[in-house]
Amino acid sequence: MDNKLFSRPLSLRDIRVTDDFWKNEMELVRTEVIPYQWEALNDRVEGAAPSYCMHNFRAAGKLNREKKAQGSAYVEPKYTFRGFEALPEDPAHPEEDKFYGFVFQDSDFSKWIEAVGYSLTQHPDPELEKIADGAIDIVCAAQQEDGYLDTYYIINGKDKIFSNLKDHHELYCFGHLTEGAVAYYQATGKEKLLKAAERFADYVADYFGTEPGKCKGYPGHEIAEMALVRLYEVTGNQKYLELGRYFVDERGTRPYYFDREHPDEVKKGREQELRYAYYQSHLPVRQQDEAVGHAVRAVYLYSGMADVARLYNDESLYHACRKLWDSIVREKMYITGGIGGTHIGESFSFPYDLPNDTAYAETCASIGLVFFARRMLEIAPDARYANVMERALYNGVLSGMALDGKSFFYVNPLEVLPEACHKDERKFHVKPVRQKWFGCACCPPNLARLVSSIGSYAFTENENTLFVHLYMGSKLEKQVNGRTVDVQIESGFPWNGDVQIKLRAKDTDFVLALRLPDWCGSYTLEGADGARTEEKDGYLYLRKEWAEEETICLHFPMEVRLMAADAAVREDAGKAAVTRGPIVYCLEEKDNGKDLHQLRINPELSAQEKPDTVCGVPVTAVEINGWRQTEKKQEKADGLYHPYVKPAKEAVRLHYVPYYTWANRGENEMQVWTSVD
Ligand code: FUB
Ligand code: ZN
């Protein structure tokens, strides 16, 4: 670990994203997703699963006021614990004082406010800010005198707080609240939510730790680890960083904390270990070398581990991060950057088990992989992290949102037969069209917060280097030795590989580090005359005393490529996927007719790129040569089975659209991997 290589994301305040592609996505989040989600959080979207998120905050606030009115005497909770879910009999008329929905419903607000914060940095909007301030008032009114803030327990009885860390998500809600608070503070300078998060963090820090009398627990669903690091970075309060490190270090140590919490559930031997693998708490984190368990939890933990490793210069922790990274990308990641091969436990499956039609590949999991990648880049600028980050962003993440920003996928399969989604119980988790909202609505607001902060994934910096990890039209500023360097980038990504970088960095000795994407074997560079150049770990370093104004032109050829999976991936044997630049493509029934399983790729591709639109959104489609089996259902007299003959086929052109745009034109078959003949 070489701390001279460490870098940090640029502040969103110093970046203006101007990119045709990402600006459009950000505008969707700003104009559609954020207002829509506010309605959803308030249960005002007809036909959508109610959230009860703001209802719960209001109910907790009311209880708080009543308690204060009674001179802070203990108010008997009105309801006993009902477990995870408790929906009202009449969804339109919830009881005023009750908690509804999942135990982690509070986090929907937190992700929403985080997205609002990022969005405001790019697009000031006094109306939205007013709504957000109002929402913050409602949330803060629920906070207890002692700083505690989780509506499930405030409403149902504080005597039970932190009694079920394994499943009850208080520390998850705390983590999200903290991330949201930091983002909103950084965007607006308003401290109210940040102070609330700090007070909650102080409460948590007093409660947990290794000191005598403190609880030795840790989150069942990780995120608090990285959230505490952010809180430390914005407040400078070391206590928060130490708490983040404590959660990382304590995880998986023996005796298992969750055994102490749930002695009745203790199992023996292997069974026990497997049970805790779901929570990544089967082993101390430094001994973990395979990504296992719930995929979102896993990548959130690994992100926190990377943060702590960087801030403490902790080599052994960084080593574990690298092993876990390799386990994901070498054995457990879909070509789309989706992760989580099984819906059972929303988890990673065993190595190379990557089924296409029963995939889970939760949108949040790909988002978490992006978080992990960016944090690994902050430690070491190695393009293998940025390449995966790019893969996940343009494919497994964006597929989670409809092109109009109005509906969402939770699960992102690579092959869909709608009939199977409706009739086969093993595939009930796979939806053939995006949903308006979810009872468990983790993914849509997660998408909103990532997309609206995309600039902070594209670039990181250290004292004298600007790292460009993602090519994205943008204007940004970097300080080098007291001078301001202006950088202006234009990019044709993801549809063409032309990038132009204009620098105003007169007489400044600074380094521009440009990622060389893994999908092209060559590139051309014009400009940067006289620069000392070096290629290292997938980055091109350009160092010189820059002139008043310089322009650099890069070209990364985007060829249509046929990709195969490792021979160990049984599901993809004999098949290929089509990619071009960072985009993974898929076949849809709308363009290629029914029975996609009867299509074959002709390896003599004759590939043609076609400017196209999907629902009015411009994309580059791809056409290649293929075959269609011409034999029809029940054509053979002997029924379901018959002696083998090579199937008759006809030549067809296969029309591919970007995977992230699938299912925007109604319910239809979709397929990423196709047999090659
Ligand atoms: O448990 C909270 C969130 O809900 C998880 O991150 C998602 O996987 C979903 O289970
Ligand atoms: Zn999710």
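Just so we're clear, the structure is a prediction, and the values are computed from it rather than from any experiment.
Atom CG of Leu417 and atom NZ of Lys427 lie 7.0 Å apart (nearest 0.5 Å). Distance CG/Leu128 to NZ/Lys130: 12.0 Å, rounded to 0.5 Å. Rounding to the nearest 0.5 Å places SG of Cys173 at 10.0 Å from OH of Tyr153. A distance of 9.5 Å separates CD1 in Ile339 from CD in Glu362, rounded to the nearest 0.5 Å.
The ring of Phe104 has its center no closer than 6.0 angstrom to the ring center of His221.
Of the possible donor and acceptor atoms, none in the side chain of His262 sits under 3.5 Å from a partner among the backbone N and O of Arg260. The main-chain N or O of Gly340 is never found under 3.5 Å from a side-chain atom of Tyr334 such that the two would form a donor-acceptor pair. For Ser303 (side chain) and Phe372 (main-chain N/O), a donor-acceptor pair under 3.5 Å exists by modelled atom type.
Phe408 has its side chain out of reach of Cys443: every pair of non-hydrogen atoms, C-beta onward, lies at least 4.5 Å apart.
Screening Lys158, Glu170, Gln143 against Tyr148 for a side chain to side chain donor-acceptor pair (under 3.5 Å) leaves a single residue, Glu170. Under the side chain to side chain contact (heavy atoms under 4.5 Å, CB included) test applied with Val285, the options Arg251, Glu250, Gln280 reduce to a single match, Arg251. Between Tyr218 and the choices Phe258, Tyr279, Phe208, Tyr246, the ring-ring contact (aromatic ring centres under 6.0 Å, His included) rule is met once, by Phe258.
Around atom CD of Glu419, no more than 12 heavy atoms belonging to other residues, nucleotides or ligands sit under 6.0 Å away.
Ion pairing of Arg245 with Glu242 is absent here, as no side-chain N (NZ or NE/NH1/NH2) approaches a carboxylate O to less than 4.0 Å.
A donor atom on one side chain and an acceptor atom on the other are found under 3.5 Å apart for Glu346 and Tyr410.
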